[in-house]
Undergrad: 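Here it is: the structure, laid out below.
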Amino acid sequence: MSSSKIKAEVTIKANIDTVWNFYIKPEHIVKWNYVNRKWHCPKATNDLKTGGKFSYRMESKDGNLGFDFEAVYTEILSYEHISYTIADGRKVAIDFERLDKFKTKLTLLFDPEKINDKKMQQEGWKAILNSFKRYVEKNKPS
């Protein structure tokens, strides 16, 4: 991927099976997919296969803002890698790396959008990854 991509990553204290399943299953996505506590994800659908689509409804909890975040999967390597193209044409790649039996690293590379500056976009995606990390570490099986 080119250097114009933005990178965000997080290390999670959980095994790769838990991280993968919490990342892809709609019943989990709706519980972690938000940038801060003023937002939520009331609905998620996910058809995890090459050519499959996902749709996450993102809304402010006060109901003033909302949008559908939708994409088509371009590559799936179970427990290793996910690539997709967002509805606006931008590309995203996520790598899942098993660091050890109880630790997994997620690295996300994405095309920036043209409205917000790159630093703000990186902080937003990193905030979502941190929300994911908190959710997994709090809810992982013992």
Undergrad: Taking a hydrophobic cluster as the set of Ile, Leu, Val, Met, Phe, Trp and Tyr residues connected by side-chain heavy atoms closer than 4.5 Å, whether directly or through intermediates, do F69 and I29 fall within one such cluster?
TA: yes
Undergrad: Determine whether M120 and V35 fall in the same hydrophobic cluster, where Ile, Leu, Val, Met, Phe, Trp and Tyr are linked whenever their side-chain heavy atoms lie under 4.5 Å apart.
TA: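 Different clusters: M120 never reaches V35 through Ile, Leu, Val, Met, Phe, Trp or Tyr contacts under 4.5 Å.
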Undergrad: Test of understanding: with ring pair (Phe, Tyr, Trp, His ring centres under 6.0 Å), list the residues that count as partners of Y84, not counting sequence neighbours.
TA: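 For Y84, the residues satisfying ring pair (Phe, Tyr, Trp, His ring centres under 6.0 Å) (neighbours in sequence not counted) are F54.
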Undergrad: Can you confirm whether F132 sits close enough to V19 that some side-chain heavy atom of one is under 4.5 Å from a side-chain heavy atom of the other?
TA: yes
Undergrad: Atom CG of residue position L77 - does it have more than 12 heavy atoms of other residues, nucleotides or ligands inside 6.0 Å?
TA: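 More than 12 heavy atoms, drawn from other residues, nucleotides or ligands, come within 6.0 Å of this atom.
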Undergrad: Answer yes or no: is there a side-chain heavy-atom contact under 4.5 Å between I86 and V92?
TA: yes
Undergrad: Are R98 and Y79 packed together at the side-chain level, in the sense that at least one heavy-atom pair is separated by less than 4.5 angstrom?
TA: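 No, every pair of side-chain atoms sits at 4.5 Å or beyond.
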Undergrad: Please tell me if the side chains of I94 and Y23 come closer than 4.5 Å, counting only heavy atoms from C-beta onward.
TA: yes
Undergrad: With sequence neighbours excluded, tell me which residues meet side chain to side chain donor-acceptor pair (under 3.5 Å) with R90.
TA: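 In terms of side chain to side chain donor-acceptor pair (under 3.5 Å), with neighbours along the sequence ignored, R90 is linked to D88.
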Undergrad: Not counting sequence neighbours, which residues clear ring pair (Phe, Tyr, Trp, His ring centres under 6.0 Å) with F102? List them please.
TA: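 For F102, no residue satisfies ring pair (Phe, Tyr, Trp, His ring centres under 6.0 Å) once neighbours in sequence are set aside.
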Undergrad: Is a salt bridge present between K49 and D47, judged by a nitrogen-to-oxygen distance below 4.0 Å?
TA: yes
Undergrad: For residues 6-16, run the donor-acceptor check on the side chains, cut-off 3.5 Å, and write out each pair with its distance to 0.1 Å, sequence neighbours left out.
TA:
{"from": "E9", "atom 1": "OE1", "to": "T107", "atom 2": "OG1", "distance (Å)": "3.3"}
{"from": "N15", "atom 1": "OD1", "to": "D17", "atom 2": "N", "distance (Å)": "3.0"}
{"from": "N15", "atom 1": "OD1", "to": "T18", "atom 2": "N", "distance (Å)": "2.8"}
{"from": "N15", "atom 1": "OD1", "to": "T18", "atom 2": "OG1", "distance (Å)": "3.1"}

Undergrad: Do L129 and L106 touch side chain to side chain, with heavy atoms closer than 4.5 Å?
TA: yes
Undergrad: For F22, what residues pass the ring pair (Phe, Tyr, Trp, His ring centres under 6.0 Å) criterion, not counting sequence neighbours?
TA: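 Counting only residues at least two positions away or on another chain, F22 forms a ring pair (Phe, Tyr, Trp, His ring centres under 6.0 Å) with H28, Y135.
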Undergrad: Under a 3.5 Å distance rule, please check whether S131 uses its side chain to pair with a backbone N or O of W32 as donor and acceptor.
TA: yes
Undergrad: Could you give the side-chain donor-acceptor pairs of residues 55-66 under 3.5 Å, partners two or more places apart or in another chain?
TA:
{"from": "S55", "atom 1": "OG", "to": "E70", "atom 2": "OE2", "distance (Å)": "3.2"}
{"from": "R57", "atom 1": "NE", "to": "E59", "atom 2": "OE2", "distance (Å)": "3.0"}
{"from": "R57", "atom 1": "NH1", "to": "D68", "atom 2": "OD1", "distance (Å)": "3.3"}
{"from": "S60", "atom 1": "OG", "to": "D62", "atom 2": "OD1", "distance (Å)": "2.7"}
{"from": "S60", "atom 1": "OG", "to": "N64", "atom 2": "N", "distance (Å)": "3.2"}
{"from": "S60", "atom 1": "OG", "to": "L65", "atom 2": "N", "distance (Å)": "3.0"}
{"from": "S60", "atom 1": "OG", "to": "L65", "atom 2": "O", "distance (Å)": "3.3"}
{"from": "K61", "atom 1": "NZ", "to": "R37", "atom 2": "O", "distance (Å)": "3.1"}
{"from": "D62", "atom 1": "OD1", "to": "N64", "atom 2": "N", "distance (Å)": "2.9"}
{"from": "D62", "atom 1": "OD2", "to": "N64", "atom 2": "ND2", "distance (Å)": "3.2"}

Undergrad: With a sphere of 6.0 Å drawn around NZ of K126, does it hold more than 12 non-hydrogen atoms of other residues, nucleotides or ligands?
TA: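 Above 12, so yes.
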Undergrad: Can N46 and Y73 be said to form a side chain to side chain donor-acceptor pair (under 3.5 Å), step by step?
TA: CA-CA 10 Å; N46 193 17; Y73 290 110; 2.5 Å; yes
Undergrad: Taking E113 for its side chain and I115 for its backbone only, find out whether a donor-acceptor pair lies under 3.5 Å.
TA: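 Yes; judged by distance alone, with no hydrogens or angles, the pair exists.
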Undergrad: What heavy-atom pair brings P26 and A44 nearest, and what distance separates the two atoms?
TA: CB-O, 3.4 Å
Undergrad: Is K31 atom NZ crowded by more than 12 heavy atoms from other residues, nucleotides or ligands, each under 6.0 Å away?
TA: no
